[in-house]
*Asks:* 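Below is a structure I'd like to ask you about.
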Amino acid sequence: MKIYLSGIFSEDSFADNVHHTLKRMDYSVFVSQEARNSQFFNSGLLWSVERVIKPNSIYQFEKTILKQVRAFKPDLFFSLTQQYSPSFLEELASLVKTRIIWWGDAPAEDKRLTLLSQHWSAIFLKDLNGVNKLKIVGCPAFLLDEAMNPDWHKPLAPQSSNSIIVAGNFYNFRQVLCQTLIDHGYQLDLYGPKYPRWSLPTIKKYHSGKYIVKEDKSRIFGSGLACLNSFNFYEGDSLNCRAFEIAGAAGLQLIEDRPAISRCFEPGTELLTFSTKDELIGLIERAQKNPSQMLKIREAGAKRALSHHTYQHRLTDIFKTIGV
């Protein structure tokens, strides 16, 4: 099967992990070099301008994709969290028999009609509420969680510090959650893209300025006292990729409680959940006092991630769903 893979590629990104795994599974995959090397391909100024001046026309990056699709003649067009114009999706449907999208963000991040298009053969979301909404209007939507890549999201370091590790975007809730722990005297090590200009002074002070990827990410997750995982306000009942990557790296995961966790992990055995500030503080104190007990949770989480939550597991489910 020949696959055209469309996404925004950077090291250890969603698209990078899917591409890596498809190659490991011996599929023939075409990825646009322009897409692989540049965030500008789909999220830059040109696309923003085009959406304003010609909202229903085929955009420049889409013209590049169509040209490459005509040359490569794929059996499957596989999109990863990209937004497209209705005109592009209509044209694509005339060129490729099977067209799927795996949307790794909250459904609310789709600002146009990408997920609601009738031109998809299958749509995969991590949010059950989003899946059900799409089904109301006849879209072929399926539930699919994010994943970890065992080639680099794996146990590489035992606990060696008392720091609480926080990685990702520092949106408003995550900042205040971190500030709460800092006010209680805990050491936090913050990683990820540059924080917003409006960030709290403490976040600016503690942020490492480092975006961690692959094995380096796993070493940092494993070496900390615990890894704090939270969710933005617009996230529905879903899990982010860090839920699986922290587990894969045998990090001790302290995760904001939500129903989706029980679908993927056993709370209390494979990770620890909290719903209040007091619960979170209590989990940190427990981690400090009982390292041997926490080691069992780390190991159980890593075992679960490897046995159920790799990208190969997800891709196998996708191909089974679409019958290829």
Side-chain angles (χ1 to χ4, degrees), residues 6-10 12-18 39 42-44 47-48 51 78-86 89 100-117 120 122-137 139-148 166-178 191-196 198-199 211 227-247 253-265 271 273-275 309 311 314 317-318 321:
S6 178
I8 303 300
F9 291 78
S10 58
D12 202 5
S13 66
F14 181 35
D16 187 33
N17 280 290
V18 171
Q39 291 283 344
N42 191 28
S43 61
W47 188 49
S48 299
R51 283 184 294 174
F78 193 159
S79 177
L80 300 165
T81 321
Q82 278 193 298
Q83 298 183 61
Y84 305 99
S85 67
L89 292 173
I100 66 173
I101 185 167
W102 184 5
W103 189 266
D105 280 341
E109 288 293 338
D110 178 18
K111 306 300 184 183
R112 295 293 178 100
L113 294 169
T114 299
L115 293 175
L116 291 158
S117 172
W120 294 113
I123 302 166
F124 297 92
L125 297 177
K126 62 182 181 179
D127 186 324
L128 183 58
N129 293 332
V131 169
N132 291 334
K133 286 179 75 69
L134 289 177
K135 286 182 176 180
I136 290 173
V137 291
C139 294
F142 302 89
L143 181 66
L144 190 73
D145 290 294
E146 292 196 69
M148 50 76 76
V166 187
N169 293 312
F170 281 85
Y171 48 78
N172 49 9
F173 177 74
R174 182 170 284 159
Q175 288 198 31
V176 175
L177 183 62
C178 290
Y191 300 91
K194 186 172 176 58
Y195 48 77
W198 49 263
S199 294
Y211 186 88
C227 300
L228 180 64
N229 196 358
S230 63
F231 301 90
N232 211 328
F233 285 120
Y234 59 71
E235 287 279 0
D237 182 23
S238 63
L239 298 180
N240 51 26
C241 63
R242 273 174 301 283
F244 304 101
E245 294 172 355
I246 292 169
Q253 184 164 190
L254 312 180
I255 186 169
E256 184 185 344
D257 196 18
R258 51 190 40 221
I261 293 172
S262 296
R263 185 173 70 230
C264 299
F265 296 98
L271 44 63
T273 64
F274 64 91
S275 297
H309 301 308
Y311 279 94
R314 302 295 188 252
D317 288 343
I318 286 175
T321 298

*Asks:* Please enumerate all residues that pass ring pair (Phe, Tyr, Trp, His ring centres under 6.0 Å) together with Y195, with sequence neighbours excluded.
*Replies:*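 Checked Y195 against ring pair (Phe, Tyr, Trp, His ring centres under 6.0 Å); matches are H207.
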
*Asks:* Mind checking whether L239 and I255 have side chains closer than 4.5 Å, heavy atoms only?
*Replies:*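 Yes. Closest side-chain heavy atoms under 4.5 Å.
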
*Asks:* Please tell me whether S117 and Y84 have a donor and an acceptor in their side chains that are separated by less than 3.5 angstrom.
*Replies:*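 Not at all, the side chains of S117 and Y84 share no donor-acceptor pair under 3.5 Å.
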
*Asks:* Counting C-beta onward and ignoring hydrogens, is there a side-chain heavy-atom pair between H309 and R314 closer than 4.5 Å?
*Replies:*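 Answer yes - side chains close enough.
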
*Asks:* What's the shortest heavy-atom distance between I8 and A15, and which atoms?
*Replies:*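 Heavy atoms only, the tightest pair is O-CB, 3.5 Å.
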
*Asks:* With no hydrogens and no angle check, is any side-chain donor or acceptor of S10 less than 3.5 Å from a backbone partner on S13?
*Replies:*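 Judged by distance alone, no pair lies under 3.5 Å.
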
*Asks:* Going by side-chain hydrogen bond (donor to acceptor under 3.5 Å, both in side chains), name the residues that satisfy it together with N229, two or more places apart in sequence or in a different chain.
*Replies:*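 Per chain and number, N229 pairs via side-chain hydrogen bond (donor to acceptor under 3.5 Å, both in side chains) with N240, Q253.
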
*Asks:* Say whether, by atom type as modelled, one donor and one acceptor occur between the side chain of W120 and the main chain of T114 under 3.5 angstrom.
*Replies:*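 Yes, because the side chain of W120 sits within donor-acceptor range (under 3.5 Å) of the backbone of T114.
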
*Asks:* Report yes or no: does R258 contribute a side-chain atom to a donor-acceptor pair with the main-chain N or O of S238 at less than 3.5 Å?
*Replies:*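 Yes: the side chain of R258 pairs with the backbone of S238.
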
*Asks:* Just wondering, do W103 and I101 contact through their side chains at under 4.5 Å, heavy atoms?
*Replies:*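 Yes, their side chains come closer than 4.5 Å.
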
*Asks:* Supply the atom-to-atom distance L125 CG to D145 CG, rounded to the nearest 0.5 angstrom.
*Replies:*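 Nearest 0.5 Å value for the CG-CG distance: 11.0 Å.
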
*Asks:* Let me see the working for D237 and L128 under side chain to side chain contact (heavy atoms under 4.5 Å, CB included), right down to the final yes or no.
*Replies:* CA-CA 7 Å; D237 182 23; L128 183 58; 5.6 Å; no

*Asks:* Please tell me whether F265 and F244 form a close aromatic pair, meaning their ring centres lie under 6.0 Å apart.
*Replies:*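 Centroid separation for F265 and F244: below 6.0 Å.
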
*Asks:* How far apart are the closest heavy atoms of L115 and C139, and which atoms are they?
*Replies:*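 Scanning both residues, the minimum pair turns out to be O-SG, 3.9 Å.
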
*Asks:* Under a 4.5 Å cut-off applied to non-hydrogen side-chain atoms, are F142 and I100 in contact?
*Replies:*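 Heavy-atom side-chain distance check fails, nothing below 4.5 Å.
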
*Asks:* Tell me, please, which residues at least two apart from E256 pass side-chain hydrogen bond (donor to acceptor under 3.5 Å, both in side chains).
*Replies:*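 In terms of side-chain hydrogen bond (donor to acceptor under 3.5 Å, both in side chains), with neighbours along the sequence ignored, E256 is linked to no residue.
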
*Asks:* Please identify each residue that fulfils salt bridge (Lys or Arg N to Asp or Glu O under 4.0 Å) with D12, with sequence neighbours left out.
*Replies:*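 Here the qualifying residues are K217.
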
*Asks:* Just so I know, are the side chains of V131 and F124 near enough to count as touching, which here means a heavy-atom distance under 4.5 Å?
*Replies:*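 No. Closest side-chain heavy atoms not under 4.5 Å.
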
*Asks:* State whether the side chain of Q175 and the backbone N or O of S199 hold a donor-acceptor pair below 3.5 Å, judged by distance alone.
*Replies:*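 Not a single qualifying donor-acceptor pair exists.
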
*Asks:* Apply side-chain hydrogen bond (donor to acceptor under 3.5 Å, both in side chains) to S230 and list each qualifying residue two or more places apart in sequence or on a separate chain.
*Replies:*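 Partners of S230 by the side-chain hydrogen bond (donor to acceptor under 3.5 Å, both in side chains) criterion, ordered by chain and then number, come out as Y171, R174.
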
*Asks:* Can you name the nearest heavy-atom pair linking N172 to W198, along with the distance?
*Replies:*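 Of all heavy-atom pairs spanning N172 and W198, the closest is N-CH2, 3.7 Å.
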
*Asks:* May I ask you to decide if G7's main-chain N or O and Q82's side chain share a donor-acceptor pair within less than 3.5 Å?
*Replies:*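 Looks like yes, one N/O pair under 3.5 Å.
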
*Asks:* Check whether any side-chain N or O of R112 sits under 3.5 Å from a backbone N or O of Q83 as a donor-acceptor pair, and report yes or no.
*Replies:*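 Not confirmed, R112 side chain does not pair with Q83 backbone.
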
*Asks:* What pair of heavy atoms forms the shortest contact from G168 to P193, and how long is it?
*Replies:*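 Closest approach of G168 to P193, heavy atoms only: O-CD, 3.7 Å.
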
*Asks:* What class does the angle between the rings of Y311 and F14 fall in, given that below 30° is parallel, 30 to 60° is tilted and above 60° is perpendicular?
*Replies:*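 Ring orientation of Y311 relative to F14: tilted.
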
*Asks:* Minimum heavy-atom separation for G130 and P107, please, with both atom names.
*Replies:*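 Scanning both residues, the minimum pair turns out to be CA-CG, 4.2 Å.
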
*Asks:* Grab the two heavy atoms, one from T81 and one from G104, that are nearest each other, plus how far apart they are.
*Replies:*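 Closest heavy-atom pair between T81 and G104: OG1-N, 2.8 Å.
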
*Asks:* How would you list, by chain and number, every residue that makes a side-chain hydrogen bond (donor to acceptor under 3.5 Å, both in side chains) with Y211, sequence neighbours excluded?
*Replies:*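 Y211: no side-chain hydrogen bond (donor to acceptor under 3.5 Å, both in side chains) contacts found.
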
